[in-house]
Amino acid sequence: MDWLSINRERSVPYIRQVYVGIREAIHSGKLKPGEKLPSTRELAERLGVSRNVVMEAYDMLFAEGYVSGKKGKGTFVAEGAQLDRLPDMPKSRRKDASVVDESVIDFRTGMPDGGCFPRGLWVQCYKKAVLNGPTRQFHYQPAAGSAALREALAGYLRRARGIVCDPDCIVVTNGAAQALAISAKLLLGPGRAAAIENPSTREIRSIFASYGGHIHSVPVDRGGIVTSALPDDPRVRMIYVTPSHQFPTGGVLPIQRRIELLHYARSVDAYIVEDDYDSEFRYEGPPVSALYELDPDRVIYVGTLSKMLSPSLRIGYAVLPEPLVENFIMEKWISDIHTHSLEQEALAVFIDEGHLERHVRKMRHRYRKKQQLLVKSLAEKFNGNIELFGTSTGLHISVHAPHLPASPEPVNVGGVRLYPVQYHVFGDERRKHEWMFGFGHLSEQEIVEGVRRLPGV
Ligand SMILES: Cc1ncc(COP(=O)(O)O)c(C=O)c1O
C-alpha cells in the first residue's frame with residue numbers, strides 16, 4: 001500500500017485520511033476482494049502515525065462492511081464493495097448550456113433587461129410579505145395560487161388589459177409555459193387535435209406534442225394566423241394563438257380574423273389558448289385588446305411576469321372559462337402542489353402598491369428607445385435593403401434581410417448570435433433570410449456593435 005500517505009498539512013483527521021484512502025482504493029479496484037491489508041502495527045509505522053489511528057480506521061471500514069477479518073488472522077477486503085465508476089462524460093455535455101460567451105452579442109428573443117430589475121423594491125415587497133403575512137403562509141398553500149395575488153392580477157388585468165374576470169377563475173402557474181402545458185393536458189390526447197400557428201415557438205410546440213393527439217400547423221401571414229386555413233377536423237379541441245403579437249413574426253390579429261377564430265372554435269367545440277406573453281410593451285397605437293374579452297367562455301387567457309419583470313420568478317397565470325377551473329387546479333396540484341407562495345405574496349404587494357404598472361411604463365419607454373436604435377442601425381447597415389415586421393410590440397423584431405445568410409438553426413456569425421424564423425417553422429414552409437432580433441436585454445452599445453458585426457451588404 002505504498003500509495004497511501006498522510007497529508008499533515010490538511011485539517012482532515014489522520015483516522016479519516018486512512019479510512020478514505022483505503023475505501024477509495026477498494027471502490028476503484030486498486031485493492032481486490034480477498035486481498036489482505038497490512039497489520040495495524042505495520043501500516044502505522046509506515047505512515048508515521050500511532051497504531052490507534054490505523055485501528056480506528058480499520059474499525060470504521062469493518063463496521064461499514066468494506067473489510068472482514070478474524071482476530072489473529074488479519075484484515076481482508078470484503079467481496080462486493082467495488083463501485084463501478086461511471087464513464088467520464090464528454091466535456092461538452094458537462095458544460096452548462098446556460099453559460100454564455102460574454103464576447104458574443106446575443107440577439108436572443110424574449111429577454112427582458114435584467115439590469116433594470118427593480119431589486120430594491122422587490123426586496124421591500126418581499127420583506128413586507130414575509131414579515132407581515134400570517135403564520136399560515138409558511139404552510140402548504142392552495143394550488144390555484146395566493147388569494148392576494150389572484151385579486152391583484154384581476155385588478156391589474158382590468159386596468160391594463162380591459163379584462164374583467166373573477167379572481168376565482170385565475171390560476172397561478174410556473175410561468176406561461178406551465179399554463180400552456182396544463183391546458184394541453186386537459187384538452188389534448190389520443191383522438192384529439194390541436195391547431196397551432198406556424199411558425200410558433202418551437203419549445204411550446206414540443207410541450208403540446210408531448211400530450212399526444214394530432215397537431216395541425218396553420219399558416220401565419222403579416223396579420224397573424226390565417227383563419228381561412230383552419231383545419232376541417234372535428235377532433236380539434238385546442239387552438240393556440242398569440243393574437244396581440246404573433247411569435248415570432250410579429251403580426252397583430254385583425255378583428256375579422258378574431259371573430260372567425262371564435263366561430264371556428266364554437267363550431268368544433270374547441271378552446272382557444274391565447275398566449276399574451278409580451279403585449280404590455282406596445283409602441284405604436286392604442287393597446288391591442290385581448291381575444292379573451294370577446295368570449296371568456298371559449299378563451300383561456302395566458303399571461304406571464306417573465307417579460308414584465310423577470311423569467312427567473314417563474315410566475316405566470318391562466319384566466320379560465322369556468323368549466324375548466326376545477327380540473328386545471330387539480331392538474332396544477334398534481335404537477336407541483338403550488339407555485340412558490342412567498343414570491344406570490346411579494347408580487348401581490350408589488351402590484352397593489354402600483355410598482356408593476358410604473359415599472360412597465362418605464363420599461364416600455366426604454367424598450368422603445370432600444371427598438372428604434374436597432375431599426376435605425378439595421379436600416380443603415382443594409383442601406384434600407386431590408387423589410388421589418390412586428391415592430392409595434394414586444395422585445396424582438398423580425399427582419400427579412402436577403403443579405404443575411406439563410407440558416408435553419410441559430411448561428412454564431414462574426415461575434416453575433418442570430419436566430420432564424422425558420423427555427424420555429426414546422427413542415428416544408430420556407431422562410432429564408434428571415435431573422436428575429438431580440439433587443440430587450442442588450443445595452444444600446446451592444447445593439448449598435450451587434451449590428452455592425454453582421455455580415456454586410
Ligand atoms: C410566445 C411565448 N409564450 C410563452 C413563453 C413562456 O414564458 P414563461 O417564461 O412565462 O414560461 C415564451 C418564452 O419566451 C414565449 O416566447
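Counting starts at 1 for both ligands and their atoms, in listed order. Heavy atoms only: backbone and side chains are in, while hydrogens, waters and symmetry mates are out.
Atom NE2 of His340 has 12 or fewer neighbouring heavy atoms from other residues, nucleotides or ligands inside a 6.0 Å radius.
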_Run the side chain to side chain contact (heavy atoms under 4.5 Å, CB included) test on Asp276 and Leu291 for me, step by step, so that the C-alpha distance in whole Å, both residues' side-chain angles and the decisive distance to 0.1 Å come before the verdict._
CA-CA 9 Å; Asp276 196 20; Leu291 188 61; over 6 Å; no

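For ligand 1, the atoms lying closer than 4.0 Å to a non-hydrogen atom of Phe247 are 1 (C).
Checking only distances, Ala177 does come within under 3.5 Å of ligand 1, N or O to N or O. The distance criterion of under 3.5 Å between nitrogen or oxygen atoms is met by Asp275 with respect to ligand 1. In terms of polar-atom proximity, defined here as any N/O pair under 3.5 Å, Ser306 does make such a contact with ligand 1. At least one N or O atom of Ala176, backbone or side chain, sits closer than 3.5 Å to an N or O atom of ligand 1. Between Thr242 and ligand 1, a contact under 3.5 Å exists for no N or O pair.
Judged by the 6.0 Å and 45° rule, Arg150 forms no cation-pi pair with Tyr317. With a 6.0 Å cutoff to the six-membered ring centre and a 45° limit on the axis angle, Arg222 counts as a cation-pi contact of Phe389.
Below 30°, between 30° and 60°, or above 60°: for Tyr277 and His245 the angle between ring planes is below 30°, a parallel geometry.
Of all protein heavy atoms, the one lying nearest to atom 14 (O) of ligand 1 is Lys307 NZ, 2.8 Å. Looking from atom 5 (C) of ligand 1 to the surrounding protein, the closest heavy atom is Ile204 CD1, 4.1 Å. Closest to atom 16 (O) of ligand 1, if we only count protein heavy atoms, is Thr201 OG1, 3.9 Å. Atom 10 (O) of ligand 1 has its closest protein heavy atom at Thr304 OG1, 2.5 Å.
Between Arg205 and Ser217 the shortest heavy-atom distance is NH1-OG, 2.9 Å.
Note: His424 and Phe247 meet the aromatic proximity criterion, with ring centroids under 6.0 Å apart.
Under 4.0 Å from ligand 1, the heavy atoms of Arg314 that appear belong solely to its side chain.
Electrostatic pairing of Lys128 and Glu353 counts as a salt bridge here, judged by a charged N lying under 4.0 Å from a carboxylate O.
Residue contacts with ligand 1 include Gly175, since one of its heavy atoms falls under 4.0 Å from the ligand.
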